[in-house]
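Beneath this line is the structure, given in structure tokens, with notes to follow.
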Amino acid sequence: MMQITDFQKIGVGLAGFGIAFLFLGVLLFFDRGLLAIGNILFVAGLSFVIGMERTFLFFFQKHKLKGTAFFLGGILIVLLGFPVIGMIIELYGFVLLFSGLFPVVISFLRRVPVLGSLLNLPGISYVVTKLGGPDPLTGDAEV
């Protein structure tokens, strides 16, 4: 069993609050303050969970520089006062940065009892298969 340090627990809390603030910021018509706080908390939480050095290495890998530029540029644009444009740019950067994790996340979500059933519905199954690939256990593309 892997031990979770106190810094990692704090990081999960910070990232969770960051996501909550981002959600509230979008829900409240792209409130600039909430989005800025959410972005800062999310990046700080990520740094606490995986460490400063690994965070830096993750963001500044040669093949991820485009995604990093869009993600950090979107955060900067939100901080400068253009939240809608900043969030669109940031979302594009997020997809570029974390697209390699989508198959792993979708594979995990297919194993969750209720979510797995929802992901196998006809319309949703097509989108999920496009994002994450076929189910690794069955090999079915479900398309």
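These numbers were taken from a predicted model, which means no experiment stands behind them. Residues take their numbers from the sequence shown, with the count starting at 1.
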Quiz item: Are Phe94 and Ile75 co-members of a hydrophobic cluster defined by side-chain heavy atoms under 4.5 Å apart?
Solution: yes
Self-check item: Heavy-atom neighbours of Phe7 CZ exceed 12 at 6.0 Å
Solution: no
Quiz item: According to a 4.5 Å side-chain heavy-atom criterion applied to Ile, Leu, Val, Met, Phe, Trp and Tyr, with indirect links allowed, do Ile106 and Val112 form part of one hydrophobic cluster?
Solution: yes
Quiz prompt | For Gln3 against Gln8, the heavy-atom pair lying closest together | solution = O-OE1, 3.9 Å
Exercise. Establish whether Phe21 and Phe48 are linked, either directly or via other cluster members, by ILVMFWY side-chain heavy-atom contacts under 4.5 Å.
Key: yes
Quiz item: Are Leu22 and Val26 close enough, and set up right, to give a side-chain contact (heavy atoms from CB on, under 4.5 Å), and what steps lead you there?
Solution: CA-CA 6 Å; Leu22 285 171; Val26 171; 5.7 Å; no
Practice problem: Report yes or no: do Phe71 and Phe56 belong to one cluster of Ile/Leu/Val/Met/Phe/Trp/Tyr joined by side chain heavy-atom distances under 4.5 Å? | Solution: yes
Exercise. For the residue pair Asp31 and Leu24, establish whether any side-chain heavy-atom pair is separated by less than 4.5 Å.
Key: no
Quiz item: Going from OG1 on Thr55 to CG on Leu46, what distance comes out if it is rounded to the nearest 0.5 angstrom?
Solution: 4.5 Å
Quiz item: Between Phe58 and Phe98, does the ring centre distance come in under 6.0 Å?
Solution: yes
Self-check item: Inter-residue atom distance Ile10.CD1 - Ile4.CD1, 0.5 Å rounding
Solution: 13.0 Å
Quiz item: Say you draw a straight line from CG of Leu96 to NZ of Lys64; how long is it, rounded to the nearest 0.5 Å?
Solution: 10.5 Å
Quiz prompt | Among Ile77, Leu35, Ile85, Asn39, the one residue meeting side chain to side chain contact (heavy atoms under 4.5 Å, CB included) with Glu90 | solution = Asn39
Quiz item: Pick from Ile89, Leu91, Leu65, Val95: which one makes a side chain to side chain contact (heavy atoms under 4.5 Å, CB included) with Phe70?
Solution: Ile89
Quiz item: Do the side chain of Ser107 and the main chain of Pro103 share a donor and acceptor less than 3.5 angstrom apart?
Solution: no
Quiz prompt | Separation of Arg110 CZ from Ser125 OG (nearest 0.5 Å) | solution = 6.5 Å
Quiz item: From Leu97 CG over to Thr68 OG1, what is the distance, rounded to the nearest 0.5 angstrom?
Solution: 4.5 Å
Practice problem: Determine, stepwise, if the pair Lys66 / Tyr92 fulfils side-chain contact (heavy atoms from CB on, under 4.5 Å). | Solution: CA-CA 10 Å; Lys66 182 179 176 184; Tyr92 179 68; 3.7 Å; yes
Quiz item: Linking I/L/V/M/F/W/Y whenever any side-chain heavy atoms sit under 4.5 Å apart, do Ile19 and Leu41 land together?
Solution: no
Quiz prompt | pair Val104-Phe108: side-chain heavy atoms closer than 4.5 Å | solution = no
Quiz item: Above 12 or not: heavy atoms from other molecules or residues under 6.0 Å from CZ of Phe30?
Solution: yes
Exercise. First locate atom CD1 of Ile37, then atom CZ of Arg32, and finally report the distance between them rounded to the nearest 0.5 Å.
Key: 11.5 Å
